Amino acid sequence: MTPGILYLLASVTCSVTVAVLLKLARRYDVDVRQAIVMNYAVAALLCWAILKPDPAALLAPHTPWAVLAALGVLLPSVFLAMAAAVRHAGIVRSDAAQRLSLFIPLLAAFLLFGEPVSGRKLAAILLAFGALACLLRRPAAHTGTDTGTAASRGIWLWPLAVWAGYGVIDILFKQMARAGTAFAAGLLLAFVLAGGLMLAYLLARRVRWERRHLLAGVALGAFNFGNILTYIRAHQSLPEHPALVFASMNMGVITLGTLVGALVFREPLTRVNGLGIALALAAIVLMAPW
């Protein structure tokens, strides 16, 4: 097995493991907010140690500070949304919603940046929206309680927030790249800002810090950064096959997430949800630049 394929498998595994950790956080009563703060501290340290960013690169006059500030706010916010989505809607829907968010920057490219529309890309977008509608389809509501109504609402509301949030984050990272910002330096600063803002919020709330919540954050940060690093390494190892990396990563996460959610956590899926998974995979295949 080639190094590129191993990196891809590692990236898929790390991505799904993050969702599993968020799922387990509820079972073991982990304060996800504290875990997210530690997650960004660990991710920033690993970014510094492994990617070796040059902070001086951020002093360039074209550095998009507004974009970096927006990332600092959105990254922890969407992480919290992902935790809520996993808790209310399960790993299957949450991972699929996150992967389908890649169609938001594609739509933005057409509507905001003047990229020409091709029939294949338009079909992929339509399939993606169909997949999202099927994935967010609620099961038959239980009769009558406010608690049941809130839980039913969470099944579609939080995955929708994940889908929109990760899509906007993708656009912001692309804007950062268009401005010529060094990737490693920009990523490090985004981690620092995200962790700093989350820390300030928790200090203002006077939370009671506990070691077990922070230890959970260490694991979260290691797998979160591992997902990013191995995805980068996969592209570097397979420079002639970007379509393979793109499609394999997204399809792998949806497939593995579905298996883990359904087999390990016994998450219920309707036939319509299953159709959504199939449409999501079809959209990703159609979208890949073969």
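Quantities reported herein were computed from a predicted structural model and do not represent experimental measurements. All values below come from the heavy atoms of this structure, side chains included, with hydrogens, waters and symmetry mates left out.
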Test log, rule side chain to side chain contact (heavy atoms under 4.5 Å, CB included), inputs R33 and L80: CA-CA 7 Å; R33 302 170 305 171; L80 287 170; 4.0 Å; yes
To check you understand the geometry: which heavy-atom pair defines the closest contact between [X] and [Y], and what is its length?
X: V86; Y: A19; value: CG1-O, 3.6 Å
X: A96; Y: I254; value: CA-CG1, 4.1 Å
X: V30; Y: A35; value: CG1-CB, 4.4 Å
X: A97; Y: P159; value: CB-O, 3.4 Å
X: P76; Y: A194; value: CD-CB, 3.5 Å
X: A283; Y: A124; value: CB-O, 3.6 Å

Starting from [Y], can I reach [X] by hopping between I/L/V/M/F/W/Y residues whose side chains sit under 4.5 Å apart?
X: M198; Y: V73; value: no
X: V162; Y: W158; value: no
X: M249; Y: L259; value: no
X: L45; Y: V192; value: no
X: V168; Y: W65; value: yes

Side chain to side chain, [X] and [Y], heavy atoms closer than 4.5 Å:
X: Y166; Y: L100; value: no
X: P64; Y: Q175; value: no
X: L279; Y: C134; value: yes
X: L132; Y: L160; value: yes
X: L135; Y: I277; value: yes
X: F225; Y: F191; value: yes
X: Y7; Y: Q236; value: no
X: M38; Y: L220; value: no

If the test is side chain to side chain contact (heavy atoms under 4.5 Å, CB included), which one of I91, T255, V92 qualifies with V260?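 Of the listed options, the one satisfying the test is I91.
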Apply the test side chain to side chain contact (heavy atoms under 4.5 Å, CB included) to residues V37 and L214: give CA-CA distance (whole Å), side-chain angles for both, the deciding distance (0.1 Å), then the verdict. CA-CA 8 Å; V37 168; L214 300 177; 5.8 Å; no
Calculate, to the nearest 0.5 Å, the distance between atoms [atom1] and [atom2] belonging to [X] and [Y] respectively.
X: I125; Y: L286; atom1: CD1; atom2: CG; value: 10.5 Å
X: L269; Y: L275; atom1: CG; atom2: CG; value: 12.0 Å
X: L136; Y: W156; atom1: CG; atom2: CH2; value: 8.5 Å
X: L188; Y: L51; atom1: CG; atom2: CG; value: 9.0 Å
X: L189; Y: L71; atom1: CG; atom2: CG; value: 9.0 Å
X: T258; Y: L281; atom1: OG1; atom2: CG; value: 7.5 Å

Closer than 3.5 angstrom, by distance alone: can the side chain of [X] be matched with the main-chain N or O of [Y] as a donor-acceptor pair?
X: T181; Y: A177; result: no
X: Q34; Y: L199; result: no
X: H213; Y: D31; result: yes
X: S15; Y: N227; result: no
X: D29; Y: A25; result: no
X: S101; Y: Q98; result: yes

Suppose we call two aromatic rings close when their centres sit under 6.0 Å apart. Are F129 and W163 close by that rule?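 Under 6.0 Å, so yes.
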State whether a side-chain donor-acceptor pair under 3.5 Å links R93 with N273.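 Judged by distance alone, the side chains do pair up.
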Less than 3.5 Å apart, any donor N or O on the side chain of R233 or S11 sitting next to an acceptor on the other?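 On atom types as modelled, these side chains do not qualify, holding no pair under 3.5 Å.
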Run the side chain to side chain contact (heavy atoms under 4.5 Å, CB included) check on I232 and I228 step by step: do they pass? CA-CA 6 Å; I232 294 170; I228 296 170; 3.9 Å; yes
Within a reach of under 6.0 Å around CZ of R26, are more than 12 heavy atoms found that belong to other residues, nucleotides or ligands?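 Not more than 12 within 6.0 Å, no.
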With a 6.0 Å cut-off (strictly less than), is the heavy-atom count around CZ of F223, excluding the residue itself, greater than 12?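 Count not over threshold, so no.
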On the six-membered ring of F265, is K23 placed so that its NZ or CZ lies under 6.0 angstrom from the centre and within 45° of the ring axis?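 Yes, a cation-pi geometry.
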Check ion pair K174-D170 (N to O, under 4.0 angstrom):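 Salt bridge between K174 and D170, a charged N being under 4.0 Å from a carboxylate O: yes.
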Parallel, tilted or perpendicular: ring planes of F173 versus F183, cut at 30 and 60 degrees: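 The rings of F173 and F183 sit tilted, inter-plane angle from 30° to 60°.
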Please state whether the rings of F79 and Y40 are parallel, tilted or perpendicular, taking 30° and 60° as the class boundaries.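 Taking Y40 first and then F79, their aromatic rings stand perpendicular (interplane angle over 60°).
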Start with the C-alpha gap between R27 and L24, add the side-chain angles, then the distance that decides, and say whether side chain to side chain contact (heavy atoms under 4.5 Å, CB included) holds. CA-CA 5 Å; R27 178 176 297 179; L24 294 174; 4.1 Å; yes
